[in-house]
There are 2 protein chains.
Amino acid sequence: MTKLSIEDLAAELIRKIEAGDIGNEQGKMPSERELLAIYPVSRYTLRQALNKLSKMGWIYQMQGRGSYIRFHNNQKPTIEQGDLGFNEDLTRGEKNIRTVKASKRLVKVSEALFLPSQKQFAKDQHFIEVQRFRTLDDKPYLIERSYYIPEIVGEISETMMEGSMFQALAEEKQLTVAFIDKFIQSKPLSQEQAAFFHLEEGMPALIVRDDSYLRNGELLAFSMIHYDYRMATLYMHKKLFV
Amino acid sequence: MTKLSIEDLAAELIRKIEAGDIGNEQGKMPSERELLAIYPVSRYTLRQALNKLSKMGWIYQMQGRGSYIRFHNNQKPTIEQGDLGFNEDLTRGEKNIRTVKASKRLVKVSEALFLPSQKQFAKDQHFIEVQRFRTLDDKPYLIERSYYIPEIVGEISETMMEGSMFQALAEEKQLTVAFIDKFIQSKPLSQEQAAFFHLEEGMPALIVRDDSYLRNGELLAFSMIHYDYRMATLYMHKKLFV
DNA sequence: AAGTGGTCTAGACCACGGG
DNA sequence: CCGTGGTCTAGACCACTTG
């Protein structure tokens with residue numbers, strides 16, 4: 001129990017909640033005063049950690065009563081393979097996602113099938129277009145089309161295209177995504193898209209459009225993912241009033 | 001400029017950003033020290049307000065550089081009528097949503113078409129089922145099916161069913177939603193649903209499933225909304241690392 | 001009245017970015 | 001090096017819930 005930061009404390013509390021090592025039979029957490037007697041942090045640090053937990057949906061806090069664990073007896077929400085956590089939330093567990101087909105090419109602005117909602121580009125701007133067909137547990141799961149800004153990402157190797165692009169960009173090039181604008185829609189599948197999912201043309205797809213930005217506010221990439229509607233559920237916990 | 005709270009300060013800053021009354025030509029906000037010289041608050045209060053702005057997507061902050069306004073010259077994201085803000089975010093403006101058809105009845109657990117992801121109910125539990133067909137700018141927009149817990153909401157009047165149910169419940173019965181679990185999917189429309197949208201059976205719908213909870217953690221209602229895929233886009237700003 | 005979480009202040013030191 | 005935002009502490013008072 002040395003040198004607890006907000007992150008550490010939040011992780012520690014989540015660990016205890018998951019293990020059932022904290023809270024009484026009714027799911028009531030120790031009070032803040034009690035927690036402060038356990039963990040050598042200031043109330044500010046504790047409350048930041050608790051706030052993080054409540055934003056993630058692990059607990060809820062009630063003025064005058066205390067903090068309560070959600071899902072203390074019964075299980076966590078039935079998050080299945082294929083479900084997508086939209087906050088850094090209750091979604092856990094490894095996903096067995098693989099890339100079965102990928103292509104990459106340099107395109108001009110005018111050749112992009114869509115553009116980010118904000119940025120204006122010079123006419124001679126180019127993008128690295130990456131298209132990937134990916135499976136979840138060996139079943140067709142998603143089709144992704146992404147455009148990366150070449151001046152920022154540099155070269156994209158074949159190995160990077162196998163797994164998580166953003167994880168690879170973070171590890172290999174210290175390019176960390178700081179915030180994302182997301183647009184969620186549903187549209188009919190084209191014939192080519194439907195073929196990958198073994199569906200018919202015109203059947204639904206769940207579509208997620210992302211514009212990903214670096215810490216310095218620069219656009220890193222923008223993408224569109226079509227999910228097989230039978231396999232994908234986006235999950236979100238929304239805390240109001242904070 | 002009297003008695004500024006976090007909420008007040010955040011609102012004030014947003015107002016100034018929208019009016020273009022703050023930030024230099026490059027969209028750089030005054031530094032925290034400078035803002036503290038303007039507003040009579042502690043750094044904690046200021047930073048909570050700034051944090052709120054950055055979670056909403058108004059600004060981004062960069063250690064060592066400063067805070068920057070997004071969309072300072074160009075406009076805000078092209079949020080159109082029908083677009084749904086998923087945080088309390090950049091989405092603004094009035095939506096002209098009307099209920100064109102509504103029905104209400106008391107049903108048993110076994111009659112519900114779906115159930116919340118968590119809660120177990122007694123066999124004799126009843127729900128108030130509300131189904132509403134709603135338009136946006138007089139065009140078919142969504143079909144909503146909600147189940148309210150009668151022991152909590154009491155009576156639901158006809159007038160409540162016209163507008164926002166949660167707003168009515170908050171104003172008339174002091175029932176305030178504190179957090180929501182959301183599940184987003186896409187599925188083919190049934191024939192009846194499709195008819196309302198003037199679409200064909202099997203065409204896509206964007207579906208939002210909500211479980212709404214009160215401050216005390218009690219489930220207030222759960223619902224499912226089918227949106228006309230041509231009109232609905234969910235917008236979300238996601239800030240990482242906080 | 002007692003105990004809970006919610007808000008706010010004042011101050012310190014740290015980590016990062018850019019001259 | 002300086003100025004920036006990021007983290008953390010200690011302490012005070014307020015608002016709400018419950019007995």
Side-chain angles (χ1 to χ4, degrees), chain A residues 1-13 23-24 26-55 58-69 174-176 178-179 214-218 239-242, chain B residues 1-13 23-24 26-37 39-55 58-69 174 176 178-179 214-218 239-242:
Chain A
M1 198 88 51
T2 65
K3 285 200 298 182
L4 279 180
S5 69
I6 295 173
E7 290 299 319
D8 298 335
L9 183 51
E12 166 78 2
L13 290 172
N24 69 8
Q26 287 74 45
K28 186 175 191 303
M29 293 269 290
S31 73
E32 293 184 356
R33 270 84 173 168
E34 289 170 329
L35 288 170
L36 287 175
I38 302 173
Y39 300 103
V41 297
S42 68
R43 188 161 173 229
Y44 170 85
T45 302
L46 172 64
R47 279 184 59 76
Q48 293 283 323
L50 289 175
N51 203 271
K52 183 164 180 165
L53 263 62
S54 71
K55 275 189 294 196
W58 285 103
I59 64 171
Y60 59 91
Q61 292 168 285
M62 220 187 138
Q63 190 168 3
R65 289 241 319 244
S67 301
Y68 293 82
I69 301 169
Q174 279 71 48
L175 293 170
T176 312
F179 54 91
L214 299 174
R215 290 196 131 89
N216 64 5
E218 271 193 304
K239 185 192 176 194
L240 279 52
F241 305 117
V242 165
Chain B
M1 199 87 54
T2 65
K3 284 200 297 183
L4 279 181
S5 68
I6 294 174
E7 288 300 319
D8 298 334
L9 184 50
E12 166 78 3
L13 291 172
N24 68 11
Q26 287 73 46
K28 187 175 190 304
M29 294 267 290
S31 73
E32 294 184 357
R33 271 86 173 166
E34 289 169 329
L35 289 170
L36 288 175
Y39 300 104
V41 297
S42 68
R43 188 162 173 229
Y44 170 84
T45 302
L46 171 64
R47 278 183 60 75
Q48 293 284 323
L50 290 174
N51 202 271
K52 183 164 180 165
L53 264 62
S54 71
K55 276 189 296 195
W58 285 103
I59 64 171
Y60 59 92
Q61 292 170 284
M62 219 188 141
Q63 192 169 1
R65 289 239 323 241
S67 301
Y68 293 83
I69 301 169
Q174 279 71 48
T176 313
F179 53 91
L214 298 175
R215 290 198 133 88
N216 64 4
E218 273 193 304
K239 184 190 177 195
L240 281 54
F241 307 118
V242 165

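Reminder, nothing fancy here: chain letters follow the sequence lines and each chain counts from 1.
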Practice task
Mind checking the CD-CG spacing from B:Glu34 to B:Leu46? Nearest 0.5 Å is all I need.
Solution key: 11.5 Å
Problem - Length of the CE-P vector between B:Met62 and C:dC16, whole Å - result: 12 Å
Handout entry: N/O donor-acceptor pair, side chain B:Arg43 with base D:dG6, under 3.5 angstrom
Key = yes
Handout entry: Under 4.0 angstrom between B:Arg65 side-chain N/O and C:dG18 OP1 or OP2
Key = yes
Exercise for the section: Write down the distance between CG (B:Asn216) and C1' (D:dC16), rounded to a whole number of angstrom. Expected result: 13 Å
Practice task
For A:Ile6, answer base if it contacts any base atom (sugar-phosphate contacts may also be present), sugar-phosphate if it contacts only those atoms, and nothing otherwise; contact means non-hydrogen atoms under 4.0 Å.
Solution key: sugar-phosphate
Handout entry: Atom-pair distance (CD on A:Gln174; P on C:dC16), nearest Å
Key = 13 Å
Handout entry: Length of the line joining A:Gln63:CD and D:dA15:C1', which is rounded to integer Å
Key = 5 Å
Exercise for the section: Determine: side-chain N/O of A:Ser5 to OP1/OP2 of D:dT7, distance under 4.0 Å, yes or no. Expected result: no
Problem - Rounded distance (Å) that lies between atom C1' of D:dT4 and atom CG of B:Leu35 - result: 12 Å
Handout entry: Any N/O donor-acceptor pair, B:Arg33 side-chain to D:dG5 base, under 3.5 Å
Key = yes
Exercise for the section: Please examine the side chains of B:Leu240 and A:Thr176, heavy atoms only from C-beta on, and report whether any two atoms are closer than 4.5 Å. Expected result: no
Problem - Along DNA chain D (nearest heavy atom to each residue), the more 5'-positioned of A:Ser42 and B:Arg47 - result: B:Arg47
Handout entry: Between C:dT9 (C1') and B:Gln48 (CD): distance, integer Å
Key = 13 Å
Practice task
Rounded off to whole Å, could you give me the OH-to-C1' distance for the B:Tyr60 and C:dG17 pair?
Solution key: 14 Å
Practice task
Fit a plane to each ring of B:Tyr68 and B:Tyr60, take the angle between them on a 0 to 90° scale, and name the class: parallel (under 30°), tilted (30 to 60°) or perpendicular (over 60°).
Solution key: parallel
Practice task
With the side chain counted from C-beta on, respond yes when A:Arg215 and B:Arg65 share a heavy-atom pair under 4.5 Å apart, and no when they do not.
Solution key: no
Problem - Between B:Asp8 and B:Ser5, a side-chain donor and acceptor under 3.5 Å - result: yes
Handout entry: Integer-rounded Å distance: C:dG6 P and B:Lys52 NZ
Key = 15 Å
Problem - Side-chain N,O (A:Gln61) to OP1/OP2 (C:dT4) below 4.0 Å - result: no
Handout entry: Given DNA chain C, 5'-ward residue of the pair A:Arg215 and B:Glu7, judged by closest heavy atom
Key = B:Glu7
Practice task
Would you indicate, yes or no, if D:dG5 has its OP1 or OP2 atom less than 4.0 angstrom from a side-chain nitrogen or oxygen of B:Ser67?
Solution key: yes
Handout entry: Upstream residue (5' side of DNA chain D) when A:Gly64 and A:Leu46 are each assigned their closest nucleotide
Key = A:Leu46
Exercise for the section: Ignoring backbone atoms, establish whether A:Thr45 has a side-chain N or O less than 4.0 Å from OP1 or OP2 of D:dT9. Expected result: yes
